[in-house]
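Presented below is the structure to which this report refers.
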Amino acid sequence: MSGIHVTTTINGDEAEFICQPDETLLDVLRDRMGMTGSKEGCGSGDCGACSVMVNDRLVCSCLVLGAEAEGARVDTIEGMADGETLHPLQRKFLEHAALQCGVCTPGFLVAAKALLEKNPDPSEIEVRYWLAGNLCRCTGYDKIIRAVMDAAAEMRGA
Amino acid sequence: MSRLTEKARDGALKQVGTRPLRPDGIDKVTGRARFGADAVAPGMLVGKILRSPHAHARIKAIDTTKAEALSGVKAVITADDFGDVDESLTDTLHNIMAHGKALYEGHAVAAVAAVNMSVARQALKLIEVDYDVLPHVTDVEEAAQPDAPLIREDLLTVGVNPPATKPSNISARHEFGHGDVGKGFAEADIIVERTFRTEATHQGYIEPHSWLGSMGPDGQAELWGCTQGHYMVRDTCAGLLGIDVSKLRVTASEIGGGFGGKTTVFVEPVVLALSRKANRPVKITMSREEVFKATGPTSSSANRVKIGITKDGRITAADAELFYQGGAFPGSPVEFGAMAAFACYALENVRAVGWDVLANRPKQAAYRAPGAPMIVFAVESVIDELARRIDMDPVDFRLKNAPKEGDRSSYGPKFGPIGLIQTLEAAKAHPHYSAPLGPNQGRGIAAGFWFNFGGMTCSNINIGNDGTVTIAVGTPDIGGSRASMCLMAAEEFGIPYDRVKAIVADTSALGFNDVTDGSRVTFSSGYATIQSARAAIGEMCKRAAQIWGIPEEAVDWSDGHARPSGPNAGDFEPLSMAEIAASAARTGGPIAGHHEVNVDGAGVSFGVHIADVEIDPQTGRSTVTRYTVLQDAGKAIHPAYVEGQYQGGAVQGIGWALNEEYIYGEDGRLQNAGFLDYRMPVASDLPMIDTQIIEIPNEGHPYGVRGVGETPIVPPLGAIGNAVSQAIGLRVTETPMSPPRLLAMMSSYREAAE
């Protein structure tokens, strides 16, 4: 197999890589770019641990090919904080103890950020349905839902 | 009771019991934390495992020549690459790589190491395995039959009288109890006897097993990866590879969940064997399908429970027979099941007999309170039925029969201070218990118990030259335990929480530590941390005495300072930790404290759950509308993470009760080896999970801590089962209570009624 040259933007920085045609965006992020914040929990789009944004759309990066990132804008967990200032969601996850083992946490944060950008004032039901694609086996979701609701309230200035 | 346990009871603790941010939190919310699959090493190869497509097959020959010849392949191994091992490790060895027979679909038969994943995948296709397919059995009751296909031709049941002479799939019989159940049943006014079945479920941790290993020609080896116990990994792998434990250094990564499923080895020894052969570092990361097919789910089970009571609700006798299928090797948790079955009741006449059954399924691994949820589902269902038969409130019924301190447990020992009665009373007083129910809704209550564990533990505390504290523990942090360690150390020293840091040390840095299991970490690593802190405080008092030129006994410690104490101590200003540490070089060198212990007295725990469930009569779908967990924590060091354990355990139990199951086809192959078809609860399936922490101090710990992690998965099957049974007016006796099962049950009842 011959490699494919891809030019893209990751977390606002221009990036280039060469990938195989069968490599996923998740493989590229983790193995070629060294960005291991996105996790592979299932490889089939069922757990959400690899959630990233591609052109402002929330995707499971295990279901996107690396070659599809050509010309796209990719945003990952590594770009969520602004320098040393955490995103309100990151802060609220910590304050609410909304993570236990922490492996699903990057995926939840990226997915929750995507939700709040679309809908700054979601109901609990809306948060639960939006995050239904992200599996967490440790927390029972209670504290995660509370953290997202609280972050949403803070971001609205409520 | 120790002075400090009294302190915990009096509420004199200043930091323990508060909710500070976890010290590893920033790493985990920024994606910086390194989990198993995140490790890399220079020159690293990709490992991949070939697995049996058959549930049961003799391996006549394996031809690896074509795979070895493929460009980019650096090593291929089979069972022949592992030598003889100690008998205690034979099953582990045969599970990580099939020897002679493939015993379940997914059983490893060979492995390759190659320059990349693509080559590794091609190489697997080039390995030729000649199988002689054998008859198989996956169902627990069928496997226990005398004419079932034999998984081991030489397995004789132990624990039976007369001794077994004919091989079977039953490896052992276990019995617990006391009194005379026959006499007890003769005294009963009402007896209920039923049989229950539960399907196997998987721990479902989100992080698949992943290990990077490096082994050189000199036999020096290193492993990095996700585990609940890196000392266990070191000792097991050293045994399997025939090397000294001192030559293998294991570093635990962050761990993305385990729940008991990462308490044994799967790919670790394979990684090392490949690395030894290729003389390069090798990494293996399991796919999700491999996790389902080739790591340990829990047992499936079939259990008969018989309980007799008097008209006023006193239990006169209780009897249970448990059949647990633990996969293709002996060692299902049926012994724990038989012990835990009736632990929530004070009984004069009780017996529980457990049978350990082999089947053509992956070897079960521990799953949170291993063995307890299935039998407790059966017991709590029968208890619920009996309470209803005599029209007694189910909490009052349990209170009437609940054990208290000094009572003999159903499994033998007498109970120390326990909190079941207080927990039941809290459940009854909880607003959930008296809230109104809507149509098609039912409310179930169930109690549950777990033993908890202490074990081999050691910890180190180093005082930095700035007076800050680093704690080293040997127990991987699976759910926030670093925060608890920091809180306990900060409490002992009397310094702010953020002056303390906790790390998980590798196997070369501390003595042996047992696995992060048995709900033991906050209890036992916390115990060792507290003792280490006291040792360091003693040393700092000594240094202060030296600086002041007074006797050691004349120095006291409080609020992070050494203080002269007593009439002859002189008049000195208190010395802070930073001041004492800064002069360490002049007073005798670095300051540290350590503690090693095989700690006992973890303290059993009890929980009570209340579940409201609504059933859709058209589809049989159950919706949990409200759920409350009440449990005795002894003392909650960090209440937010105790609540998290309660909530997470409850939701795993809800999944087990309602939807999760291993589904096998006629061919003995797993039909649902993925998160789409193995349906774990998602956020939209659930309500908030309300919690209430009860605190009855455990005398075995300075602050009264008892283990909390496992008990929360014990009651949910019973609580949900009792709620569903009430909602549909029929007793449910199987898990999962999935829509097809409930619908079939309701329609066959309707047909019978017509």
Side-chain angles (χ1 to χ4, degrees), chain A residues 1 20 22-23 27 30-31 34-47 49 76-78 80-81 86-87 89-91 93-107 109 124-125 127-146, chain B residues 19 21-22 24-35 37-38 40 116-118 203-208 254-259 285 287-289 477-480 638 640-641 643-652 654 674-676 680-691:
Chain A
M1 277 187 284
Q20 297 298 320
D22 64 350
E23 266 181 286
D27 293 334
R30 291 178 54 83
D31 302 339
M35 293 181 172
T36 55
S38 307
K39 306 298 178 188
E40 178 161 328
C42 65
S44 54
D46 297 316
C47 78
T76 74
I77 185 66
E78 283 87 353
M80 195 159 167
L86 294 180
H87 187 277
L89 277 162
Q90 292 172 308
R91 199 155 34 73
F93 265 58
L94 288 175
E95 288 172 12
H96 285 265
L99 59 148
Q100 281 166 221
C101 82
V103 78
C104 69
T105 308
L109 287 167
E124 183 196 324
I125 296 288
V127 175
R128 285 187 178 276
Y129 274 89
W130 182 267
L131 295 178
N134 291 78
L135 291 176
C136 169
R137 193 60 158 174
C138 294
T139 63
Y141 305 104
D142 182 301
K143 292 180 191 301
I144 293 175
I145 303 300
R146 289 180 202 274
Chain B
R19 301 169 180 242
L21 303 188
R22 59 191 287 163
D24 54 328
I26 302 267
D27 277 359
K28 285 179 176 164
V29 299
T30 55
R32 201 182 288 147
R34 279 166 296 175
F35 289 84
D38 302 337
V40 288
N116 61 43
M117 181 59 86
S118 176
Q203 297 85 348
Y205 33 82
I206 306 303
E207 178 200 33
E254 296 301 327
I255 172 170
F259 315 107
T285 303
S287 69
R288 180 53 55 179
E289 186 180 345
D477 178 354
I478 204 162
H638 192 306
Y641 288 100
E643 290 162 3
Q645 291 295 323
Y646 290 5
Q647 292 165 331
V651 167
Q652 286 186 316
I654 290 169
F675 279 145
L676 186 63
M680 294 190 337
V682 300
S684 57
D685 292 330
L686 296 162
M688 292 300 189
I689 307 295
D690 200 2
T691 56

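Since the model is a prediction, treat every value here as computed from it, not as a measurement. Throughout, protein chains are lettered first and strands after them, A, B, ... in sequence-line order, and every chain is numbered starting at 1.
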Under 4.5 Å to a heavy atom of chain A? For B/L686 that would be both
Pair count under 4.5 Å, heavy atoms only, with chain B: among A/M35, A/R146, A/Q100, highest is A/Q100
Honestly, the part of A/E40 sitting under 4.5 Å from a heavy atom of chain B is backbone
When the 4.5 angstrom heavy-atom criterion is applied to B/Q645 and chain A, the contacting part is both
The interface call for B/A650 against chain A, heavy-atom contacts under 4.5 Å, is neither
Cut-off 4.5 Å, heavy atoms of chain A, and the answer for B/S287 is neither
So, the part of B/I26 with a heavy atom under 4.5 Å from chain A: the answer is both
In short, A/P106 meets B/G31 closest at the heavy-atom pair CG-CA, 4.4 Å
Applying a strict 4.5 Å limit to non-hydrogen atoms, the region of B/F259 in contact with chain A is side chain
Ranking A/E78, A/R30, A/R91 by heavy-atom pairs under 4.5 Å to chain B gives rank one to A/R30
For B/F675 and A/C47, the nearest pair of non-hydrogen atoms, with its separation, is CD1-CB, 3.9 Å
Heaviest contributor of heavy-atom pairs below 4.5 Å to chain B, chosen from A/S44, A/A97, A/C101, is A/C101
Side chain to side chain, B/R22 and A/L99, heavy atoms closer than 4.5 Å: yes
- Item | Intermediate values then yes/no, salt bridge (charged side-chain N to carboxylate O under 4.0 Å, His left out), A/K39 and B/D38 | CA-CA 9 Å; A/K39 306 298 178 188; B/D38 302 337; 2.4 Å; yes
Nearest heavy-atom contact between B/Q647 and A/T139 is CB-O, 3.3 Å
Interatomic distance, CD1@B/I206 vs SG@A/C42, rounded to 0.5 Å, equals 8.5 Å
Output for pair (B/K28 NZ, A/I77 CD1), nearest 0.5 Å, gives 14.0 Å
When the 4.5 angstrom heavy-atom criterion is applied to B/V29 and chain A, the contacting part is both
For B/E643 and A/K143, what are the C-alpha separation, side-chain angles and deciding distance, and is it a salt bridge (charged side-chain N to carboxylate O under 4.0 Å, His left out)? CA-CA 9 Å; B/E643 290 162 3; A/K143 292 180 191 301; 2.6 Å; yes
So A/Q90 and B/T30, do their side chains get closer than 4.5 Å, heavy atoms only? yes
When the 4.5 angstrom heavy-atom criterion is applied to B/E207 and chain A, the contacting part is both
Exercise. Under the salt bridge (charged side-chain N to carboxylate O under 4.0 Å, His left out) criterion, do A/R128 and B/D685 qualify, and how do the steps go?
Worked result: CA-CA 8 Å; A/R128 285 187 178 276; B/D685 292 330; over 6 Å; no
Under 4.5 Å to a heavy atom of chain A? For B/L676 that would be both
